[in-house]
Structures are given as structure tokens and as C-alpha cells.
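Worksheet: the structure to be examined is printed underneath.
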Amino acid sequence: MGARAAALLVLADGRFPAGGHAHSGGAEAAVKAGRITDAASLAAFCRGRLHTAGLTSAGLAAAAAQGHDPYALDAAADARTPSPALRAAARKLGRQMMRAARATWPCPELDALAAAFPRGAHQPVVLGVTARAAGLGPEDAAHCVAYETVSGPATAAVRLLSLDPFQATAVLARLAPEMDEVAERAVAAARLGVDALPAASAPLLDITAEHHAAWPVRLFAS
């Protein structure tokens, strides 16, 4: 259990070189639109993202960690990501995570996935396969995704708003029970197969992602 817990900490660590620090999870566009202005509105944004895009991504990661066909999962991720900008970001993040994962936990399964998707598979799928390579299970993969779904926007809000980092961390702590709930729902769905995976949507995130991608100047890639 000790080695497994340590591997989970490494994978979930925001300093793991998978490129997530360059993405705001939609927070930059929400800040510009006035939807995130303080800790309370950040919490509302993170909660909405967690129960929609977060749940969907956690299901994909849990299914990949459980050993479902990663090619079918990548197609399922495409079908659940209507925004071209978000699809491109997910594949870029997947490619970056793949580089870090193969250096950290080299295995034939990661090599095969990298060869099949030279431009990058969707990040949650890569994360799930990485979790398997690290000796982790579907629950671990789902928790990683749930946490990064809210920690990315929270970290971005500190930079975008000069928000007190203690307040941003408190937002994450208060959302912890909901992260657990989302991870549990994702794992339960993954056990039923690819067709049963969540497909929760957040249309405003899709719309603002397209607007954000067209900005001539921005702090974050997405």
C-alpha cells in the first residue's frame, strides 16, 4: 500500500511534468467574463466543472485504468468533447503526459498507445493507462482526474486574480467530499463498460473554450 500511495502522490502532483500548469481549465475565460471574481465564485465554477467535464473525464480515466480498450475510449472521449479547441488541448496534454509517463513508468502498454496516437490520445485515457503502469487502480485514476479538474482552475485563479492562495486551497478542501463522490460515480460507470461511461456536458465551457482559443493574447493555453 505504501508504494501505491507514493505512486498516486507522484501522478497527482501538480509538479508532475505533464503540462497541466499551462492550462486554466476554462478559468481564464471565466475571469474575463466576470464569472470568477472571488473565492465564492471560484468554488461555484469548480463545482460545476467537477460534476460535468470532471465526471466525464474521470470515467474515461477509470475505464482506461481498469483495462478497457484505449482506442475505444479515445473515440468515446472525442464524442464527449464537442469543442475543437478542447479536443486539441486534451490531445496536447495527452501527448505531454505520455512523455512524462514513459520516462517515469516505462511499459509496453504505454509504448503501444504512444505509437497508435503520435499526435496524442485524450489526456484522461493516457492518465488511466499511466495509472495501470504505476500499479494504481481505477479509483486512483478517477481521484487524480477529479482533483486536477478543480485544482487547475484554482491555481489559475490565484495568478489571474491575485487571489489569496490560502482561500484557493480552502476551496479545494471544501470540495473534497464532492471529489470523492465524483470519483466513485466514475468508477461505478467504468465497471459497466465503455457505453455506460458518463457523458455530462458543460456547454458554456465549450463555447468559452472556442472564444479563448481565438484570443491574440492570453496567459493560459486553454
Side-chain angles (χ1 to χ4, degrees), residues 1-23 25 53-81 86-152 179-180 182-198 221:
M1 181 61 182
R4 175 179 169 182
L8 177 58
L9 290 173
V10 171
L11 185 58
D13 192 337
R15 291 164 293 188
F16 188 69
H21 66 280
H23 296 258
L55 174 61
T56 299
S57 294
L60 291 162
Q66 192 170 325
H68 287 292
D69 180 2
Y71 309 103
L73 290 173
D74 192 78
D78 250 356
R80 288 161 171 75
T81 313
L86 290 181
R87 284 199 299 271
R91 292 193 180 281
K92 181 177 181 180
L93 283 167
R95 186 168 65 248
Q96 291 172 304
M97 172 159 278
M98 179 65 75
R99 290 181 61 193
R102 293 175 76 190
T104 309
W105 297 289
C107 74
E109 196 170 358
L110 284 170
D111 293 342
L113 188 61
F117 295 96
R119 298 183 64 183
H122 277 261
Q123 190 263 6
V125 178
V126 178
L127 189 149
V129 176
T130 299
R132 279 173 63 83
L136 301 173
E139 296 85 356
D140 301 312
H143 274 98
C144 278
V145 171
Y147 176 70
E148 72 179 16
T149 295
V150 294
S151 63
M179 290 186 231
D180 289 343
V182 164
E184 290 168 7
R185 290 173 60 193
V187 172
R191 292 194 181 106
L192 300 177
V194 176
D195 291 341
L197 292 177

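Heavy-atom basis, side chains included; hydrogens, waters and symmetry copies ignored.
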Mind checking whether [X] and [Y] have side chains closer than 4.5 Å, heavy atoms only?
{"X": "Q123", "Y": "H23", "result": "no"}
{"X": "V10", "Y": "W105", "result": "yes"}
{"X": "H122", "Y": "L60", "result": "no"}
{"X": "H143", "Y": "M179", "result": "no"}
{"X": "V126", "Y": "L113", "result": "yes"}

Are the side chain of [X] and the backbone N or O of [Y] linked by a donor-acceptor pair below 3.5 Å?
{"X": "H68", "Y": "L73", "result": "no"}
{"X": "D74", "Y": "Y71", "result": "no"}
{"X": "R80", "Y": "L197", "result": "yes"}
{"X": "R95", "Y": "R119", "result": "yes"}

Residues, nucleotides or ligands: over 12 heavy atoms within 6.0 Å of R102 CZ: yes

More than 12 heavy atoms of other groups within 6.0 Å of Y147 OH: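 No, the 6.0 Å shell around OH holds no more than 12 heavy atoms from other groups.
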
Show the nearest heavy-atom pair for residues [X] and [Y], with the distance to one decimal.
{"X": "P138", "Y": "A62", "result": "CB-O, 3.5 Å"}
{"X": "V187", "Y": "E139", "result": "CG2-CA, 3.7 Å"}
{"X": "L93", "Y": "A18", "result": "CD2-O, 3.8 Å"}
{"X": "A61", "Y": "L127", "result": "CB-CD2, 4.2 Å"}
{"X": "A142", "Y": "A186", "result": "CB-CB, 4.3 Å"}
{"X": "F16", "Y": "A101", "result": "CZ-N, 4.3 Å"}

Going from [atom1] on [X] to [atom2] on [Y], what distance comes out if it is rounded to the nearest 0.5 angstrom?
{"X": "L8", "Y": "D140", "atom1": "CG", "atom2": "CG", "result": "5.0 Å"}
{"X": "E109", "Y": "T130", "atom1": "CD", "atom2": "OG1", "result": "9.5 Å"}
{"X": "C107", "Y": "R132", "atom1": "SG", "atom2": "CZ", "result": "8.5 Å"}
{"X": "R4", "Y": "L9", "atom1": "CZ", "atom2": "CG", "result": "12.0 Å"}

Candidate pair V125 and F117, rule side chain to side chain contact (heavy atoms under 4.5 Å, CB included), full reasoning: CA-CA 11 Å; V125 178; F117 295 96; over 6 Å; no

